[in-house]
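Everything below concerns the one structure shown next.
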Amino acid sequence: MAMKGVNPYEMAQAQFDKVAAILDLDPATRELLRQPLREYSFAIPVHMDDGRIQVFRGFRVQHNDARGPSKGGIRFHPQETLDTVRALAMWMTWKCAVVDIPLGGGKGGVICDPHHLSQREQEQICRGWVRQMARNVGPAADVPAPDVMTSGQHMLWMLDEFEQIHGGHFPGFITGKPVGLGGSEGRTEATGYGVVFAIREALSELGLDARKTRASVQGFGNVAQYAIRLYRQIGGTVTTVACWDQEDQTSYSFRKESGVDPDQLVAIADRFGGIDKGKAKGLGYEVLPGEAWLEQPVEILIPAALENQVRGDNAPRIEPSVRLIAEGANGPTTPEADAVIQQKGIFLIPDFLANAGGVTCSYFEQVQSNMNYFWEKDEVLAKLDVKMTAAFHAVSELSRKRKLHMRDAAYVIAISRVAQACRDRGWV
């Protein structure tokens, strides 16, 4: 999971240092917040299917829990590093704080490749991870969730092991569970819908009628699909969708000026969101190069795929018609591109605000599990709307008041809230 040429933990600390300077944080608070409160590294021995024993390395980092139990995913990846987990835990602290949910930031991982492991072997890794961490996680301490290459099934194995160790039912220990086994309605839609709730509010501030706007989207996974659906419901038109083609090992953009139909595209896409080029042409779509999504004459760009997609070398190609960028993906815009976007006067909704619908709905799942009472989907999504709208306006108002860019304003709010919680507790 190491990012090419970049140490993610050093990047997270540099981002923090910049905002700590804006806030003029005292030295003790800076030292407390720029590194994790606790971190765990441990061995997970597993009896493999071929009879041998293999030892896997597991991690859990709890960056800060001043505002509530740590919250964050567990990822399985062959290139997982402790520094990646540290960075993601720190970013989770800020993400929870910016949407004002009472949780802190955590992250976990195991160095392994699920593609080369049987279901039984994966189950043993999940249970082994919980056995190592059982005294340091739980509904009131640290609440894991799925992440890269983990799923609701992995969460159920972990929950079962935790409950066997502690002798009871604790569904609030973990989120991302299937509906019917402690999962929340609306969780599937949450991240994509959250992006559009933020877009709706931004369009209102910019004085734009959603029905007169067009959007271009990078990505056609879960986040992009639900964002497209809700954006169309509020009257917008998506003209272009870009996605990765597994067979060609390259990306393509699919354009239809009259508007794409997400259900039509889902029907000709694989389970990873890769759209069939031949079938798309047959349905009247133009097939363009992968980066063409960025160059469309639209009002809104929604990068909802990978990190580092809007860069210093391609950001100048963004059309003058673009008024708004909403980051559905994590880290899609490089600092060099940020500078270009600011020069162009484009309104940007930063990733850890725009895509915070996912962790917000995970919080709702935790609440429902803890009280053993589950809400209908409409209620979940209505509560999500309230949270995302309030968070957007808090960041936008601070941005205007202090003449900060939206990304910096979001960081200022998040870090201020966590720093205040640490002071109130008497930690600093």
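Screening Gln15, Lys18, Arg402, Lys403 for a side-chain hydrogen bond (donor to acceptor under 3.5 Å, both in side chains) involving Asp408 leaves a single residue, Lys18. The only member of Glu365, Gln368, Lys377 that meets side-chain hydrogen bond (donor to acceptor under 3.5 Å, both in side chains) when paired with Ser184 is Gln368.
One finds a salt bridge joining Arg229 and Asp263 here, because a Lys/Arg side-chain nitrogen approaches an Asp/Glu carboxylate oxygen to under 4.0 Å. A salt bridge links Arg407 and Glu327; the closest N-O separation between the charged side-chain nitrogens and carboxylate oxygens is under 4.0 Å. Using a cutoff of 4.0 Å between basic side-chain nitrogens and carboxylate oxygens, Glu291 and Arg311 are scored as salt-bridged.
Between the side chains of Thr213 and Tyr231, at least one donor N or O sits under 3.5 Å from an acceptor N or O. In this structure, a donor-acceptor pair under 3.5 Å is present between the side chains of Thr175 and Lys71. Checking Ser151 against Gln153 by side-chain atom types alone, no donor-acceptor pair falls below 3.5 Å. Using modelled atom types and a 3.5 Å distance limit, the side chains of Gln296 and Thr239 yield no donor-acceptor pair. Looking only at atom types and distance, the side chain of Arg417 has no donor-acceptor partner in the side chain of Gln420 under 3.5 Å away. Side chains of Arg400 and Ser396: a donor on one and an acceptor on the other come within 3.5 Å. For the 3.5 Å distance criterion, the side chains of Glu123 and Gln119 fail to qualify, holding no donor opposite an acceptor.
When atom types are taken as modelled, the side chain of Thr360 and the backbone of Ala356 share a donor-acceptor pair closer than 3.5 angstrom. Looking only at distances, a side-chain donor or acceptor of Ser321 sits under 3.5 Å from a matching main-chain atom of Val298. Remark: side-chain polar atoms of Arg38 are not paired, donor with acceptor, to backbone N or O of Gln62 under 3.5 angstrom. With Arg214 contributing its side chain and Thr240 its backbone, the two residues share no donor-acceptor pair below 3.5 Å. The closest donor-acceptor contact from the side chain of Thr150 to the backbone of Ile74 lies under 3.5 Å.
No more than 12 heavy-atom neighbours from other residues, nucleotides or ligands sit within 6.0 angstrom of NE2 on His169. Around CD of Glu319, the count of heavy atoms belonging to other residues, nucleotides or ligands within 6.0 Å exceeds 12.
Considering only heavy atoms from C-beta on, Leu82 comes within 4.5 Å of Val61 through its side chain. The closest side-chain heavy-atom distance from Pro262 to Tyr226 is not below 4.5 Å. In this structure, Glu379 and Phe364 have side chains that are not in contact, with every pair of non-hydrogen atoms separated by 4.5 Å or more. Side chains of Gln13 and Met90 form a contact here, defined as non-hydrogen atoms less than 4.5 Å apart. Ile268 is not listed as a side-chain neighbour of Phe254, based on a closest heavy-atom distance of 4.5 Å or more. Between Leu398 and Ile413 there is a side-chain heavy-atom pair separated by less than 4.5 Å.
Between Phe173 and Phe162, the two ring planes are parallel [angle under 30°; tilted spans 30° to 60°].
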| Verdict with supporting geometry, Asn64 and Trp427, side-chain contact (heavy atoms from CB on, under 4.5 Å) | CA-CA 12 Å; Asn64 190 282; Trp427 292 359; 4.2 Å; yes
| Yes or no on side-chain contact (heavy atoms from CB on, under 4.5 Å) for Asn330 and Leu88, after CA distance, side-chain angles and deciding distance? | CA-CA 10 Å; Asn330 287 313; Leu88 291 162; over 6 Å; no
